[in-house]
Amino acid sequence: MELRPLGNTGLKVSAVGFGASPLGSHYTPVAQDDAIAAVREAFRHGVNFFDTSPYYGGTVSEKVLGKALKALQVPRSDYIVATKCGRYEDGFDFSAERVRKSIDESLENLQLDYVDILHCHDIEFWSLDQIVSETIPTLQKLKEEGKIRFIGITGLPFNVFTYVLDRVPPRTIDVILSYCHYSINDSTLLDMLPYFKSKGVGVITASPLSMGLFTEQGPPEWHPASPEIKSACKFAVAHCKSKGKKITKLALQYSLANKAISSVLVGMGSVSEVEENVTAFTELEGLGMDQETLSEVEAILEPIKNLTWPSGVDHK
Ligand code: NAD
């Protein structure tokens, strides 16, 4: 598995990153043994980057990931763990007090002494001024205390990233995590890459399958896309299936092909998903993409290209 540098952090993260929200049964129920086997299989294939949050399954994802990483019995420096703060099953709270409590809870859930990255989770739902003046300075203290190594922010709309990055001193934020903006239906992250590079932050993209839109089982009920987006994606899935092709492979390869993006976090909850997704990467390196099918899928998705959905409070 290719390891790519993550901004200025000095970390090298696997191109395919392990999205651990399925471990908290965020999509469908995932048995703990299957989850642990999936993590082991991913690590065996060179996946070294694992992303979770106390929000996923109300801490279940963190706890199961912690168990699985411990079971690997490898040195702590062999894997990179990101978790998040500020978003919880019962709502949002980015106050200094909650964030301090949050990292201690996360370290306990994960059975770790430190996490490599602590992200502020979905900042569009909170006061960005408080994120700048209170949350980020708290994370800087946690860095000094050795509980976290690097600071990240996550969110759906891009304006929340620029708001924060334009107001904090350079090198304060190490990483950004964008999701659902670098897949076949929506590739708007591309336009933001020069800006993020100018700010010296590493870029992670998540949800290459657009949170289940590009799977044969379809998206979960809570998926926020409009019926128009859902139906175009469903049509694209059916088109690939009729040709005997897997749209998951095509969509994942589309995200992985851009090496300016350090890691593509794909949610996985079983050994077979890990195997398929690692193979998608290997085939991309060896054979390249199936350009013919990609063009057909792009044509199907053209009417909804780059359409997204509202998220959070209005920060205009
Ligand atoms: P995704 O696009 O990666 O889709 C995940 C879904 O696809 C799951 O149901 C999974 O079981 C299924 N899947 C994966 N591989 C498959 C395969 N080969 N065949 C069939 N189905 C397959 O969406 P995601 O899980 O939401 O995103 C990936 C990760 O990124 C998350 O787990 C999380 O760690 C992170 N993330 C973070 C944020 C944020 O911070 N705001 C938002 C979204 C995602």
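Only this structure's heavy atoms are used, side chains among them; waters, hydrogens and symmetry mates stay out. We count ligands from 1, going down the list as the structure has it; atoms in each ligand are counted the same way.
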Requested in this report: Check the surroundings of atom OH in Y195: do more than 12 heavy atoms from other residues, nucleotides or ligands lie under 6.0 Å from it?
Outcome: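 More than 12 heavy atoms, drawn from other residues, nucleotides or ligands, come within 6.0 Å of this atom.
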
**Report entry** Contact residues of ligand 1, where a non-hydrogen atom lies under 4.0 Å away
**Finding:**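 Residue list for ligand 1: G19, A20, S21, P22, Y27, D51, Y56, K84, H121, D122, T154, L177, Y179, A206, S207, P208, L209, S210, M211, G212, T215, Q217, T248, L265, V266, G267, E273, E276, N277.
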
Report task. Would you check, one step at a time, whether the test side-chain hydrogen bond (donor to acceptor under 3.5 Å, both in side chains) holds for Y88 with S53? Result -> CA-CA 8 Å; Y88 308 98; S53 164; over 6 Å; no

Query raised in the report: Salt bridge or not for E145 and R100, using N-O below 4.0 Å?
Result: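 Here E145 pairs with R100 in a salt bridge, since their nearest N and O are under 4.0 Å apart.
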
Requested in this report: Indicate yes or no: does K199 engage D166 in a salt bridge with an N to O separation below 4.0 Å.
Outcome: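 Here K199 pairs with D166 in a salt bridge, since their nearest N and O are under 4.0 Å apart.
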
Requested in this report: Write down the atom of M1, the atom of H45, and the distance for their closest heavy-atom approach.
Outcome: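 Closest heavy-atom pair between M1 and H45: CB-O, 3.4 Å.
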
Query raised in the report: Who pairs with P170 by side chain to side chain contact (heavy atoms under 4.5 Å, CB included), at least two apart in sequence or on another chain?
Result: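 Side chain to side chain contact (heavy atoms under 4.5 Å, CB included) check on P170 returns nothing, list empty.
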
